Amino acid sequence: MATVKPFVCIRPDVSVVSKVAALPYDVYSRKEACEAVKENPLSFLNIDRAETQFGDEVDTYDERVYQKARELLDARIEDGTFVTDKEACYYLYRLTMNGRSQTGIVACSSVDDYVNGVIKKHENTREDKELDRIRHVEVTGAHTGPIFLAYRRNDTLAGIMEQVMEDEPLYEFVSGDGIGHKVWRIADQGQIKEIEDAFEQVPATYIADGHHRAASAVKVGLRLREQRERKGEAATGDEPYNYFLSVLFPEDQLMIMPYNRVVRDLNGLSMEKFFTAVHENFDVAKVGVQPYAPGEKGTFGMYIGGEWYLLKIKDSLLTSDPVKGLDVSLLQDYLLGPVLGIGDPRVDKRIDFIGGIRGLKELERRVKEDMAVAFSMYPTSIQELFAVADAGMLMPPKSTWFEPKLRSGIFIHRL
């Protein structure tokens, strides 16, 4: 069962929270990060991506970058930009995009739950991507970007959340991208115990977004535990490093957007031969010039030669296998691989992935500029994600795109 704890939060002063809150560190290139912090010295991106404080001659992963992150975090705490709550609390974090809201519980999840598989994963992580965040957590002594977790709906938790949201929020602001943010603090000891007890009835939580941040936080926690054991120091198991910062959302509030695909060429095929090959595994119908988003599982939009087509996978190819039955797998296994020669989409430079937030016009733009064909996808469902994780399997790359993105810097957990 899930172990989910309240924590002593370091958070922005109410007067500056809208300036501090920043998109996750990994949505920016170095150049984009430098531009984003130019006009906002309080943006948490200054700390999350401290290479922005140096010229290009300093490598992104230089030790001075991590030391600068620690220096900036300590300075912001010292000057009152951040305040520290006096007691361990839970928080509610509500994000609203285009009139649709989702509310999660901000808490600390257990390192042991991650190790033991109570926190379930659906993606592999890459060591090189982990090393940066491991060093950032080690040097700053803090978790600064929450891990996005999901759980199956729990009526007790839903009732507590509704009750808390009747009170005035601690924070309320709209970020520059139009996303609304509200935060409530849960300090009532009765509610805290109810939440903790309710999660003890939740058999599993699932990483929706943030696999690398989670893996990094866990590795730091295990290292600190080992260091303490080597020194022969007593431990209770409640030390902060045994937990990592997370926001947990019920499944029925989450929205997954499609992760669309574009391919640079037709693998040496003429248009006629390409369509002949596609017809082997798909029923094909011309849609016209209007952008097409598939309306059900097993269907795909295809943009080529200035026109859109509807592709429907043939019924004989459908499967109940949690991974092979995903739309991203069906497209890969029956078109991208055998027809277009995309063997490993993780490394093939001929394919690119476009998050659904960018819209279908972005697919058309890419085909007109540097690609030959685009595919619009039907979004993977949260139930499919759960099924893959429950089976101990892994999703293909770029299977899910969650929106809206959690902000960094609103909640900080010190180790």
Side-chain angles (χ1 to χ4, degrees), residues 1-2 4 24 92-107 109 113-114 117-125 146-159 161-162 179 198-199 201-214 246-261 293-300 318-332 353-357 376-406:
M1 299 301 175
V4 175
L92 293 189
Y93 183 16
R94 186 174 183 86
L95 300 99
T96 302
M97 183 177 78
N98 298 329
R100 181 193 165 279
S101 296
Q102 61 188 51
T103 307
I105 297 174
V106 186
S109 293
D113 280 358
Y114 182 97
V118 174
I119 298 173
K120 295 179 181 285
K121 304 166 278 290
H122 66 267
E123 284 183 8
N124 271 328
T125 56
I147 314 306
F148 188 155
L149 299 180
Y151 62 92
R152 288 187 169 87
R153 177 184 168 85
N154 178 285
D155 288 340
T156 300
L157 291 170
M161 292 165 72
E162 288 298 327
I179 306 299
F199 271 112
Q201 305 307 311
V202 173
T205 61
Y206 301 79
I207 299 178
D209 202 7
H211 280 80
H212 286 91
R213 275 172 282 148
S246 56
V247 185
L248 300 105
F249 291 90
E251 61 179 316
D252 56 347
Q253 293 201 21
L254 295 180
M255 177 178 69
I256 304 179
M257 300 185 78
Y259 222 140
N260 300 317
R261 276 88 167 120
E296 61 180 345
K297 183 173 168 53
T299 62
F300 310 82
L318 295 174
T319 172
S320 60
D321 182 280
V323 173
K324 291 184 179 298
L326 296 171
D327 278 11
V328 290
S329 297
L330 294 172
L331 186 70
Q332 174 63 36
F353 304 90
I354 312 294
I357 194 70
S376 59
M377 308 293 296
Y378 187 70
T380 303
S381 71
I382 191 70
Q383 287 73 29
E384 288 177 313
L385 184 153
F386 285 174
V388 170
D390 284 340
M393 303 171 80
L394 300 174
M395 282 188 169
K398 313 297 185 184
S399 295
T400 57
W401 181 280
F402 284 89
E403 285 288 346
K405 302 292 184 189
L406 306 182

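Keep in mind that what you see is a predicted model, and the values were worked out from it rather than measured. All values below come from the heavy atoms of this structure, side chains included, with hydrogens, waters and symmetry mates left out.
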Do [X] and [Y] come close enough that some side-chain heavy atom pair is under 4.5 Å?
X	Y	answer
Val4	Leu248	yes
Phe402	Leu385	yes
Pro146	Val106	no
Thr380	Met395	yes
Leu406	Leu95	yes
Tyr259	Val328	no

Look only at the side chain of Glu384 and the backbone of Ser381, and say whether a donor-acceptor pair between them is shorter than 3.5 Å.
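Side chain of Glu384 to backbone of Ser381, a donor-acceptor pair under 3.5 Å: yes, one is there.
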
Would you find a donor on one side and an acceptor on the other, under 3.5 Å apart, between the side chain of Arg153 and the backbone of Glu251?
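Judged by distance alone, no pair lies under 3.5 Å.
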
Does the pair Arg261 and Phe353 meet the rule for a side-chain contact (heavy atoms from CB on, under 4.5 Å), with working shown?
CA-CA 5 Å; Arg261 276 88 167 120; Phe353 304 90; 3.7 Å; yes

Once rounded to the nearest 0.5 Å, what's the spacing between atom [atom1] of [X] and atom [atom2] of [Y]?
X	Y	atom1	atom2	answer
Arg213	Phe148	CZ	CZ	10.5 Å
Thr96	Gln102	OG1	CD	8.5 Å
Gln253	Arg94	CD	CZ	6.5 Å
Tyr206	Tyr151	OH	OH	13.5 Å
His212	Asn124	NE2	CG	8.5 Å
Leu326	Met377	CG	CE	9.5 Å

Any chance NZ of Lys120 has more than 12 other-residue heavy atoms, nucleotides or ligands included, within less than 6.0 Å?
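Buried by this count: over 12 neighbours within 6.0 Å.
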
What heavy-atom pair brings [X] and [Y] nearest, and what distance separates the two atoms?
X	Y	result
Pro250	Leu254	O-CG, 3.7 Å
Pro203	Val118	O-CG1, 3.7 Å
Asp390	Arg152	OD2-NH2, 3.1 Å
Ile147	Asp209	CG2-O, 3.8 Å
Asn260	Ser376	OD1-CA, 3.3 Å
His122	Thr400	NE2-OG1, 4.2 Å

Run the side-chain contact (heavy atoms from CB on, under 4.5 Å) test on Leu92 and Ile105 for me, step by step, so that the C-alpha distance in whole Å, both residues' side-chain angles and the decisive distance to 0.1 Å come before the verdict.
CA-CA 5 Å; Leu92 293 189; Ile105 297 174; 3.7 Å; yes

For [X], enumerate each residue passing the side-chain contact (heavy atoms from CB on, under 4.5 Å) test, keeping only those at least two apart in sequence or located in another chain.
X	value
Asp321	Thr319, Val323, Lys324, Met393
Leu318	Ile313, Asp315, Leu330
Lys121	Tyr114, Ile207, His211

Determine, stepwise, if the pair Leu157 / Phe199 fulfils side-chain contact (heavy atoms from CB on, under 4.5 Å).
CA-CA 8 Å; Leu157 291 170; Phe199 271 112; 3.7 Å; yes

